[in-house]
Amino acid sequence: MPLPLTASEIEARLERILPTVDKPGRYAGGELNRVLKPWDSVSAHVALVFPDIYDIGLANLGLAILYDILNRRPDVAAERAYAPWLDLETILRRDGIPLFSLESKHPLASFDIIGITLPYETIYTNTLNILDLAGLPLRSAERNETHPLVIAGGHAAYNPEPMSAFIDAFVIGEGEGVILEIVDAWQAWKTSAGSRADLLAALAHIEGVYVPSFYQVSYHPDGRVADFKPIHPAAPSTITKRIVPQLPPPLTRFLVPSVEVVHNRIAIEIMRGCSRGCRFCQAGMVNRPVRERPVEQILNAMQEAVHATGYEDIGLLSLSSSDYTQILKLTEEANRRFAGAHLTISLPSLRIESFSAELMDNLKDCRASGGFTLAPEAATERMRQIINKPLPAGQLLDTARTVFEHGWTSLKLYFMIGHPSETLEDVQEIIETCYQVLRIGQKIRGGRVKVHAGVSTFVPKPHTPFQWVSCDSVDQINAKLNLLKQGLRHQNLRLTWNEPPGTQLEAWLTRGDRRTGEVILRAWQKGAKFDAWRDQFRFEIWQEAYAEAGIDPAFYSHRQRELDEILPWDHINTGVSKNYLKQDYQWSLDGRSRPDCAVQCAACGILSSLGDLRMQFPNTQWKCP
Amino acid sequence: MTVYRLRITFAKTAPLRYTSHLDMMHVWERTLRRSGLPIAYSKGFNPGPRIHQGCSLPLGFTSQQEMVDIFLDDVLAIDAVRSALQEAVPPGIELGAIEEIDPKAPALQTQVQSSTYIATLLDPVNPAELKASLQSLLAAPALPRTWREKAYDLRPLIHSLTLLPASSGGQLSFEMHLSAREGAMARPEEVLSAMGFSPHAARVERTKILLA
Ligand code: SF4
């Protein structure tokens with residue numbers, strides 16, 4: 001076997017290759033605020049990987065935070081790698097060049113730890129592709145002491161089972177606290193010269209780390225899980241997610257790319273978690289409890305970040321920004337402090353009902369040209385009770401009126417179709433609502449008003465009250481989409497929607513089990529990658545892959561589960577109890593909504609799962625009682 | 001309001017070699033914002049920092065001499081500007097001279113006359129053959145070529161081509177002095193390809209920009 005290429009050999013090859021590929025700046029590294037440590041000056045090398053191209057991955061806040069935390073440690077170097085675009089991949093494979101990190105151009109295989117983020121399911125085949133481009137065996141079981149440890153986290157990891165054959169250990173929950181513990185464990189293992197199994201055992205002892213090979217699943221003949229149990233003494237029977245009890249000051253030294261990418265901006269999380277409890281929303285369930293950052297801390301971070309990056313755009317992020325208790329103060333102060341600084345401050349995810357005219361006034365000074373977005377998700381009262389996104393009658397129209405009165409001329413409305421028990425009448429109401437909003441806008445701002453309906457399709461997610469339900473059939477979805485397409489034909493209305501095949505793949509994968517891993521592998525072998533890219537996605541590959549594996553994908557997407565069924569992700573504890581989810585699901589069947597838990601605690605389980613942490617940090621700003 | 005115009009000469013080195021002319025505009029905007037200098041903004045719906053870039057440098061090239069004009073609302077000592085910028089420039093920009101320019105002087109781009117480049121061939125070439133090839137280009141009465149579907153004559157845009165002594169590593173390089181006037185700009189890749197080389201056969205660095 002030829003010797004693996006060194007970093008300087010890879011760099012020399014790239015010298016000739018990069019000028020021939022599209023957008024070579026993606027692979028150059030060398031951005032402002034990147035950290036490059038001499039390779040031999042540290043004892044642990046971590047490659048952080050976003051399994052899609054640089055343009056999309058660079059702005060990922062989770063990885064950016066881990067990059068910062070790791071690089072603050074003098075004995076650790078964190079570098080980055082992304083999926084190469086198809087043109088470079090072809091050349092790398094042709095010339096036998098392994099995938100490399102952007103900073104030092106070391107091959108990924110020479111790192112000690114590879115940390116992969118899995119933000120959504122349609123990134124799974126890219127993940128396998130990256131392991132393959134790195135020259136690593138894909139299956140965890142086939143890797144040994146000479147290979148890097150491969151870990152993964154991110155939202156899709158809340159159901160780790162589909163990727164469990166390929167990942168050595170998953171981080172469940174927030175990586176900030178746990179990443180250094182993993183590095184410590186790796187360093188201790190390295191000095192002890194232990195086996196791969198020793199390393200995995202050490203990791204399994206860390207709270208929030210899931211080592212899939214230490215568990216065994218058996219299935220009923222029909223495919224349901226019959227039993228799931230630990231088979232290693234180090235393995236806990238459930239893995240409780242990790243959180244940071246108190247949000248640390250936000251990241252301010254963002255990487256500033258030298259080429260334009262998606263979301264070139266400062267991103268500051270003002271609050272983590274959401275108390276609303278929309279039943280379709282996984283993020284709302286898995287990110288509890290709600291923790292806010294103090295206003296002063298946010299303002300200082302904005303200032304520091306502008307100084308460190310020179311960015312002109314600042315996004316103040318959270319799942320529901322207008323629920324941040326100090327939102328008026330924050331926006332007022334921001335306007336005052338940054339007056340005349342030519343900054344664009346945006347506040348995505350505003351709740352329709354917690355949104356005031358005052359807040360609108362504060363936003364006016366820093367409004368983005370992009371228009372305004374509201375997310376009613378459903379258009380009928382009945383439907384909104386079922387999904388638990390209640391909205392007093394008329395509120396949406398009132399808020400829309402305020403938006404137009406404050407000078408905006410375009411409004412985007414997010415809806416979701418395919419909710420449990422949704423009918424064509426419910427969908428028809430989406431059309432009516434769009435026209436009502438348009439008429440209001442035109443009355444106030446005249447003929448140039450535009451209303452944009454962004455319609456996605458509901459996919460039941462693990463760890464939500466809808467984790468048991470079946471998806472709408474493909475025929476139903478098509479009928480609903482056709483209704484919308486016909487009903488929203490108007491020069492001032494725009495409709496965008498998700499194509500059903502992509503949604504379907506997401507539905508197959510998100511509630512998948514360990515057998516799904518074989519399908520992912522097969523799909524990748526048959527050429528699937530960049531599944532999240534509309535122009536690259538090949539649905540027929542996936543259909544074939546499921547067929548060849550002898551698995552009916554509808555088992556995962558179009559099957560109502562019994563409440564007592566063992567779900568493939570039941571061993572993952574997000575803090576919200578299964579009993580709570582069951583009750584909440586029952587309430588949805590009864591058409592009963594649940595109040596915002598910031599108003600009235602619903603005893604979701606967070607306090608019994610994670611309450612101890614709060615004792616240790618008495619100053620935490622949890623919004624739980 | 002005072003408008004203070006400064007011409008910054010800088011080297012564009014490896015970390016920015018794949019950053020396009022358009023993206024360099026963003027690089028400068030952000031550099032200025034980081035510097036905390038009192039930058040002048042353009043008027044209009046979407047105001048941005050006022051910056052004039054010099055002539056564009058093809059993707060992949062490095063340069064010993066690039067130029068950009070910036071506009072400030074306040075008059076500051078050049079040294080103060082330099083130290084503010086020094087702190088703020090990203091990897092890939094090395095500051096050179098900074099000088100005051102008459103705010104009413106024409107746009108930088110229109111003042112550029114010509115540029116010199118050094119092309120270093122990546123693969124071994126016979127020096128005698130290379131020399132002959134350079135000479136035959138210079139001796140040609142015309143070099144008809146097309147760029148983006150437009151026919152033009154490359155020859156009058158070439159001022160000189162000179163073979164340089166081989167490097168210690170044995171790589172051969174030559175210098176080109178080419179017209180860079182607006183509308184009469186010769187591209188180093190075009191010279192390479194007129195000589196029968198692929199545009200990727202050489203590493204090219206701009207060495208000088210000559211102004212009117
Ligand atoms: S414990 Fe109560 S307040 Fe806290 S997240 Fe759960 S329901 Fe909401």
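Residue numbers start from 1 in every chain, and the chains themselves are labelled A, B, ... in the order their sequence lines are given, proteins ahead of strands.
Atom NE2 of His263(A) has 12 or fewer heavy atoms from other residues, nucleotides or ligands within 6.0 Å. Around CD of Glu405(A), the count of heavy atoms belonging to other residues, nucleotides or ligands within 6.0 Å exceeds 12. Within 6.0 Å of the CZ atom in Arg93(A), the count of heavy atoms belonging to other residues, nucleotides or ligands exceeds 12. Atom NZ of Lys37(A) sits in a crowded spot, with more than 12 heavy atoms from other residues, nucleotides or ligands closer than 6.0 Å. The environment of Arg181(B) atom CZ is sparse: at most 12 non-hydrogen atoms of other residues, nucleotides or ligands sit within 6.0 angstrom.
Of the listed residues (Leu32(A), Asn33(A), Leu36(A)), just one forms a side-chain contact (heavy atoms from CB on, under 4.5 Å) with Pro91(B), and that residue is Leu32(A).
The shortest non-hydrogen separation linking Gly30(A) to Pro15(B) is O-CB, 4.0 Å. Between Pro24(A) and Tyr18(B) the shortest heavy-atom distance is CG-CD2, 3.3 Å.
Residues of residues 301-312 of chain A lying under 4.5 angstrom from chain B, judged on non-hydrogen atoms, are Val306(A), His307(A), Ala308(A), Thr309(A), Gly310(A), Tyr311(A), Glu312(A) by number.
Distance check, rounded to the nearest 0.5 Å: CZ of Arg33(B) to CG of Leu343(A) gives 7.0 Å. Between atom OG of residue Ser258(A) and atom NE2 of residue His26(B) there is a gap of 12.0 Å, rounded to the nearest 0.5 Å.
In this structure, Glu31(A) and Leu16(B) have side chains that are not in contact, with every pair of non-hydrogen atoms separated by 4.5 Å or more.
A salt bridge links Arg16(A) with Asp123(B); the closest basic N to acidic carboxylate O contact falls under 4.0 Å.
A donor-acceptor contact shorter than 3.5 Å is absent between the side chain of Thr19(B) and the backbone of Val259(A).
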Practice task
Give the intermediate values and the outcome of side chain to side chain contact (heavy atoms under 4.5 Å, CB included) for residues His200(B) and Leu18(A).
Solution key: CA-CA 10 Å; His200(B) 304 305; Leu18(A) 292 191; over 6 Å; no
